[in-house]
Amino acid sequence: MAAIVISGKELAKSVYADLKQRTAAVQKGAGRAPCLAVVLVGENPASKVYVSSKAKRAHKLGIDTVDLSLPASTSNEELQAKLRELSADGSVDGILLQLPLPDGLDEFSALLCIAPEKDVDGLHPYNQGLLLRGADTFAPCTPKGCIELVKSARAALGQNSSLSGLHAVVLGRSILVGKPAAALLLAENCTVTQCHSRTKDLAEVCRGADILVAAVGRPNFVRGDWVKPGSIVIDVGINRLDDGSLAGDVCYDEAQSTAAAITPVPGGVGPMTIAMLMANTVRAAEVAVR
Ligand code: NAP
């Protein structure tokens, strides 16, 4: 039987319905809308597209944005000063530093200049430490979206929302996706296996996964016979092929005949990443105006 397709676009709509109400409540209670500062350095075309779609979505929800475009020639000191300025600005609730930064700029030092309570991307080491402790904090948006997609898949399959005891395999160990995805799945009481480029017998490890999260950055890397029958497959990968089309990290045509549920690319994890950024921003504003 073909897998259920878990649409991130549809799931994001329900997140937005809730956020619209919460944004209106902040506006009513505090006399101002939640505000997201979006910082873009340089001219990376993909980053420009991402930043513009995040700002557009924010406006649709009634969230204000401060758009800060800095030239690629910006120095580390100048970038850090801007981020400190935004961190100290009482009218700004969330700060998004669009990554990657141009060559020569130090990502980690820049992230350290974002106030943890405004770190809506969940990349400040303070929030990452809290995440590892299993605390309720700002989690990075992509892995947070993955958990929502897994829960939505279970609901669509008529299963309960608990992930307790399930074996989750995460392919990838980046600080942006793989590591926080593993931490979030662990917090859900999954038994987690984290894989990377040195993992042996990768296909065999994947075959044991009740939940498979692929964040490798290689098109069609996960083959159909790596997928456990009845499992939930979350494809984080966004890979541009030579013909201009997009492919995920999972060979969708093969995996969808084995998995019980699978996310498409595009239209799966991507829309949920933006939805989780909006959710983190509204949450930051709710705390700030309390
Ligand atoms: P990344 O920083 O390049 O990390 C890739 C990870 O995959 C690394 O941990 C690497 O292992 C592992 N890997 C590479 N080749 C492998 C192999 N042959 N076998 C096993 N593991 C291998 O990438 P990322 O930032 O995590 O992103 C991963 C993918 O997700 C990309 O396609 C990216 O575009 C996409 N993405 C999508 C969204 C979204 O919103 N949908 C958001 C972020 C990223 P090592 O650590 O050993 O090198």
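Order of listing sets the numbers, starting from 1, for every ligand and every atom in it. The residues of the chain are indexed from 1 along the displayed sequence.
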Kindly print each ligand 1 N/O atom paired with any protein N/O atom under 3.5 angstrom away, one pair per line, or none if nothing qualifies.
residue: ligand 1; atom: 9 (O); partner: Arg173; partner atom: N; Å: 2.8
residue: ligand 1; atom: 11 (O); partner: Ser197; partner atom: N; Å: 3.3
residue: ligand 1; atom: 15 (N); partner: Arg218; partner atom: NE; Å: 2.9
residue: ligand 1; atom: 21 (N); partner: His196; partner atom: O; Å: 3.4
residue: ligand 1; atom: 21 (N); partner: Ser197; partner atom: N; Å: 3.3
residue: ligand 1; atom: 26 (O); partner: Ser174; partner atom: OG; Å: 2.5
residue: ligand 1; atom: 32 (O); partner: Ile238; partner atom: N; Å: 3.1
residue: ligand 1; atom: 34 (O); partner: Ile238; partner atom: O; Å: 3.4
residue: ligand 1; atom: 40 (O); partner: Thr273; partner atom: OG1; Å: 2.9
residue: ligand 1; atom: 46 (O); partner: Arg173; partner atom: NE; Å: 2.7
residue: ligand 1; atom: 47 (O); partner: Arg173; partner atom: NE; Å: 3.3
residue: ligand 1; atom: 47 (O); partner: Arg173; partner atom: NH2; Å: 2.8
residue: ligand 1; atom: 47 (O); partner: Ser197; partner atom: N; Å: 3.1
residue: ligand 1; atom: 47 (O); partner: Ser197; partner atom: OG; Å: 2.5

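- Using a cut-off of 4.0 Å between Lys/Arg side-chain N and Asp/Glu carboxylate O, Arg32 and Asp93 are scored as salt-bridged.
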All N/O donor-acceptor pairs, side-chain side in residues 106-113, below 3.5 Å, sequence neighbours left out:
residue: Asp106; atom: OD1; partner: Phe108; partner atom: N; Å: 3.2
residue: Asp106; atom: OD2; partner: Ser109; partner atom: OG; Å: 2.4

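- For the pair Val282 and Glu286, the minimum side-chain heavy-atom distance is below 4.5 Å.
- Checked by atom type, the side-chain pair Asn160/Ser162 shows no donor-acceptor distance below 3.5 Å.
- Residues Thr281 and Leu61 form no side-chain contact, since every pair of their non-hydrogen atoms from C-beta on lies 4.5 Å or further apart.
- Gln128 and Lys179 are not linked by any side-chain donor-acceptor pair at a separation below 3.5 angstrom, with hydrogens and angles left out of the test.
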